[in-house]
Amino acid sequence: MDISMQIKKTALRTALGYIEKKPEENVLKLMDWVDKLAGDGPDSFPAQRKAFRNVLNDPECSMYQLIMSVFRDIDNDVLKVVFENFFLNASLIGWPKQEHYRKELNCNIPWAILMDPTSACNLHCTGCWAAEYGNKLNLTYEELSDIVRQGKEFGTYMYIFSGGEPLVRKKDILRLCTEHSDCQFLAFTNATLIDEAFAKEMLRVKNFIPAISVEGFEDATDFRRGAGTYQAIMKAMTILKQYKLPFGASCCYTSKNVDSISSEAFIDHLVECGAKFAWFFHYMPVGNEAVTDLLPNPEQRKLMYRKVREYRSTKPIFTIDFQNDGEYVGGCIAGGRNYLHINANGDVEPCAFIHYSDSNIREKTLLEAFQSPLFMAYHNHQPFNCNHLRPCPMLENPDMLKMMVDQSGAHSTDLQSQESADHLCDKCRNYAACWAPKADLLWNERNKN
């Protein structure tokens, strides 16, 4: 990092120190420092920074209340590290570097890398492919660290763990957080392995955030994840809140839990528990044994579309719907465009839900994977639909995924029962056909306003 950037970051840390004492009075000063650090270039997120400034000038809005709650509820030292690693390193500093390599190398460079430390999981959730994998596969610590090292060379400072249950490897995750203290780490976790000892370790490393999987209230969560899981989640959230640690919720909506997971009572409950964000994922029928009945119908998906947007403007929690928010990111973000997935066998996959690959991290560098036929097919065909409410090459555009897998020669990476692209895509055709007219109406309505 050049000296001028280091000086600016030091000044920003100092500014954060003043702001933590009186955030309502001083938070706009922090934005002044961010603007100085970002500069005026096209890769400095000018629209996003303007939106933040508008929020900070409106104390009545829900996002202002969320920001104030972050200053109030989160440990100050943790907050400083998250701000520097996520907002500065991963975004304001990392993104321009990624853009440079995207243009120079003519391939996708990910903003975030999702990786599975292990295939092991202590739960057996209905409709989850990971539950079938067992505990046979693991990425070594050295492999995990090398992925991070390679990623940072291209400006990638955001790393997300999935699985399996990633906290089965909690010691190695904490070691990674320590070794790569300039990166922000997050894990999708069932939370059953979070205890006070782990919370104290989170306070020590400061750059790890859990996204806790919850399916709604107790009946809905335990229906999919097993009896007693919801109470274990509530205990984990209580511990995290007590230790002033940041966390959020990861919510998969299905045909069985849409009413619960979209309810105002559930969102209010997450806020009360201390969650600062809620990421909503559409159920995907991945795997030969996938339960296709769990796919939401068009009316249920439309309900989620409406509700997530409503809560985003009325509740002090940041909500994202990865299937319905494609308009904000230009459609599909997989294939390295914004993120990719590396499973516990080392296979580099375009997406956590697309289990096909033509590269393995044990045989290729990250760059070689970015430039592989499968990833270049993503690069050359994104977006897969001009309607960004139909972003996915599998769920809404199944012929696209089949074409890319066939042409690239990618193979199934399912660790138990390999699934052909034909089999997977055939499960999505009826869904895609039923959703398309609803999506087109919503998209046209959105673009008229």
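Every heavy atom of this structure was used, including side-chain atoms; hydrogens, water molecules and symmetry mates were not.
- Residues Ser357 and Val348 share a closest heavy-atom pair of OG-O, 2.7 Å.
- Contact detail for Lys402 and Asp406: the closest heavy-atom pair is NZ-OD2, 2.8 Å.
- Aromatic ring centres of Tyr356 and His411 lie farther apart than the 6.0 Å criterion allows.
- For the pair Phe384 and Pro391, the tightest heavy-atom approach, listed with the atom from each and the gap, is CD1-O, 3.6 Å.
- For the pair Arg102 and Trp95, the cation-pi test (distance below 6.0 Å, angle within 45°) is passed.
- With hydrogens and angles disregarded, a donor-acceptor distance shorter than 3.5 Å links the side chain of Glu143 to the backbone of Thr140.
- Taking the ring centroids of Tyr305 and Trp435, they lie at or beyond the 6.0 Å cut-off.
- Within the 6.0 Å centre-distance limit, the rings of Phe154 and Phe370 are counted as a close aromatic pair.
- Aromatic rings from Trp279 and Phe322 are positioned such that their centres are separated by under 6.0 Å.
- Applying the side-chain contact (heavy atoms from CB on, under 4.5 Å) rule to Asn288 yields the partners Ser417, Glu419, His423; only residues at least two apart in sequence or on another chain are considered.
- Between Glu153 and Arg149 there is a salt bridge, since at least one side-chain N of the basic residue sits less than 4.0 Å from a carboxylate O of the acidic one.
- Considering Phe185, Phe198, Phe247 as possible partners of Phe208, the one that fulfils the ring pair (Phe, Tyr, Trp, His ring centres under 6.0 Å) test is Phe198.
- A donor and an acceptor atom, one from each side chain of Asn385 and Asn387, are nowhere located under 3.5 Å apart.
- For the side chain to side chain donor-acceptor pair (under 3.5 Å) condition, the pairs that include at least one residue of residues 370-381, sequence neighbours left out, are Asp358-Ser372.
- Checked against the 6.0 Å centroid criterion, the rings of His282 and Tyr431 qualify as a close aromatic pair.
- Here Asp75 does not pair with Lys206 in a salt bridge; the nearest charged N to carboxylate O distance is not below 4.0 Å.
- In this model, a donor atom of one side chain and an acceptor atom of the other lie less than 3.5 Å apart for Ser145 and Glu179.
- Counting all heavy atoms, side chain and backbone alike, Gly336 lies closest to Phe375 at N-CE2, 3.9 Å.
- The two residues Leu389 and Trp443 have their closest heavy-atom pair at CD1-N, 3.8 Å.
- Pairing each heavy atom of Ala112 with each of Ile160, the nearest pair is CB-CD1, 4.3 Å.
- Side-chain contact check for Lys364 and Ser359: at least one donor-acceptor pair (N or O, by modelled atom type) lies under 3.5 Å.
- Under the 3.5 Å distance criterion, with hydrogens and angles disregarded, no donor-acceptor pair is assigned to the side chains of Tyr230 and Glu215.
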Requested in this report: Starting from the C-alpha separation in whole Å, work towards a yes-or-no answer on side-chain contact (heavy atoms from CB on, under 4.5 Å) for Thr319 and Phe277.
Outcome: CA-CA 6 Å; Thr319 54; Phe277 61 88; over 6 Å; no
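- Between Asp116 and His341, the side chains place a donor N or O and an acceptor N or O closer than 3.5 Å (distance only, hydrogens not considered).
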